[in-house]
Protein chains: 2
Amino acid sequence: MSHHDPKIADLNCGDCPIRHRAVCARCETDELHQLEAIKYYRSFQAGQPVIWSGDRMEFVASVVTGIATLTQTMEDGRRQMVGLLLPSDFVGRPGRATAAYDVTATTDLVMCCFRKKPFEELMGSTPHIAQRLLEMTLDELDAAREWMLLLGRKTAREKIASLLTIIARRNASLKLASKGGVRFDLPLTREEMADYLGLTLETVSRQISTLKREGVIVLEGKRHVIVPNLDRLLEETGDDSDGGMLN
Amino acid sequence: MSHHDPKIADLNCGDCPIRHRAVCARCETDELHQLEAIKYYRSFQAGQPVIWSGDRMEFVASVVTGIATLTQTMEDGRRQMVGLLLPSDFVGRPGRATAAYDVTATTDLVMCCFRKKPFEELMGSTPHIAQRLLEMTLDELDAAREWMLLLGRKTAREKIASLLTIIARRNASLKLASKGGVRFDLPLTREEMADYLGLTLETVSRQISTLKREGVIVLEGKRHVIVPNLDRLLEETGDDSDGGMLN
DNA sequence: CGGGTCGATTGATCTGGGTCAAGGCATCCG
DNA sequence: CGGATGCCTTGACCCAGATCAATCGACCCG
């Protein structure tokens, strides 16, 4: 059972929205077949828990459609979001039996799951899966570190501007005709945004109102945001202006 | 060049303090030889920069002795530590050309470096290196998420107690004879602790003084800490009492 | 020795964001 | 229809931690 150095191999498959084929034709069929054999889909309604921290977790998964969050909770109820999973993002840890965080569907959600055992075996025999997973994990680690800077050092206003920027970047469904504008829906409630940012929901609400009053953003209803000038918003984030030139 | 499912393969070698041998004897020599060929050591004095964010970084490395930090800085000088590297920890990202963070030696430091190119090639041909790296990266991600909870939701007192606990756990050079006590040296200045915790150095100093006044900790000089009763300190962290029962 | 530097401590004061509380506005449902 | 519920907004007030500033001790070095 030899492998032929395939160049691409994502963890999703079938109707998942991300590419998944190995380049090498001889491997491809093999792997596809194996992945197909151990995968299944699960759906969740908005607000439903996917799994609770400490629960036995016998699968790993990637998001197909919708949004899920990872949160940690202290005994007294203080909550901090520690992960935001968008389509193609991966959850679960090979080699760990129980979930370390609460995973919740914040919108209707479809996940593509792989039973843990066979997935781990497959990973052992298919080296580039581990490599692809490593890449994704390193990206997540970078995101986590950016997030740490936000939590530790940014003001409430900068936090909001940063979050809006992040969502705009990933979600820029409609670029405005006018130069440099975007519009998008907020996928999070004010409270979820607060849990993301380490703030209270009142502060989130106030800061959004301020940005609105100043014309940095325009709201249509409570959830739909229009950013007339993205650069203007970017100035408020406190980040280096040159944008993320990683890699 | 086939591999024989070795069970252990760390990235360090030679006189590095961590295990590094592959279990399978046939692989072992091979890999050791290859790792030896591309590795070299670098030493840094306390306070010296290892690399600046944005610099070209043509190696990956692991810490042999000493402590290094990863920090991010905003234009106006606000700083947030995003990584604390102790012996055996890994820095650098295969597949990225430039450093994403400032890396600084906070104590005298020896690193075991591998030139990036050959290391990546080796990783391609030696699957369990990627697997080992994945494991380590997932551990770091978990640590980062714990850290996010600390930054976003803990009080100054809880932050200090948490940091002391973390250092005590990793550094418990001397357990006290009396039940449940430990002593250790702080490897960080007050300012570095502040950058770790998202506080100012004054707040760090005040909180330490308070814990001292209350007898939770005892100081010998400014850097040496004695924790007479670790449980007492743990109660102050805000964490679940059951301790980290991961994996 | 005296002056400089670096880290740490402590005090006095200020303020950003938390807390508490009162509505507002949809949507749902009996 | 009217009450309930969920999400959001806004106001009034307060406090944990930031800011500004003075001092101390240890160490180094000319």
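Proteins come first, then strands; the chains are lettered A, B, ... in the order of their sequence lines, and each starts at number 1.
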Applying salt bridge (Lys or Arg N to Asp or Glu O under 4.0 Å) to A:E158 and not counting sequence neighbours gives B:R78
| message | Surrounding CD of B:E191 (heavy atoms of other residues, nucleotides or ligands, distance under 6.0 Å), is the total greater than 12? | response | no
Judged by modelled atom types alone, do A:T203 and A:T200 share a side-chain donor-acceptor pair under 3.5 Å? yes
Sorted by chain and number, sequence neighbours left out, side chain to side chain donor-acceptor pair (under 3.5 Å) with B:R153 holds for A:D195
Residue pairs passing the salt bridge (charged side-chain N to carboxylate O under 4.0 Å, His left out) test with at least one member in residues 220-230 of chain A, sequence neighbours excluded, are A:R183-A:E220
Enumerate, atom names and distances included, each donor-acceptor pair closer than 3.5 Å involving a side-chain atom of residues 45-61 of chain B, sequence neighbours excluded.
residue: B:Q48; atom: OE1; partner: B:Q45; partner atom: N; Å: 2.8
residue: B:S53; atom: OG; partner: B:A100; partner atom: O; Å: 3.3
residue: B:D55; atom: OD2; partner: B:W52; partner atom: N; Å: 3.2

Sorted by chain and number, sequence neighbours left out, side chain to side chain donor-acceptor pair (under 3.5 Å) with A:R145 holds for B:E140
What residues 147-161 of chain A contributes to the DNA chain D interface at heavy-atom separation below 4.0 Å is none
Under 3.5 Å between N/O atoms: give me all the protein pairs with nucleotides 23-29 of chain C, atom names plus distance.
none

Chain A reaches DNA chain D, atoms under 4.0 Å from its heavy atoms, from D:dC8 to D:dA12
side-chain hydrogen bond (donor to acceptor under 3.5 Å, both in side chains) pairs touching residues 207-217 of chain B, sequence neighbours excluded, are B:R157-B:E214
Note: contacts of residues 197-209 of chain A with DNA chain D (heavy atom, under 4.0 Å) are A:L201, A:E202, A:S205, A:R206, A:S209
A:T107 meets the side chain to side chain donor-acceptor pair (under 3.5 Å) criterion, sequence neighbours left out, with none
B:P87 and B:G66 have their tightest heavy-atom pair at CD-O, 3.4 Å
Across all chains, not counting sequence neighbours, the side chain to side chain donor-acceptor pair (under 3.5 Å) partners of A:R206 are none
Rounded to the nearest 0.5 Å, the OH atom of A:Y196 sits from the CG atom of A:L188 at a distance of 8.5 Å
- Query: Within the structure shown, what part of the strands sits under 4.0 Å from B:R223 by heavy-atom distance: base, sugar-phosphate, or nothing?
  - Reply: sugar-phosphate
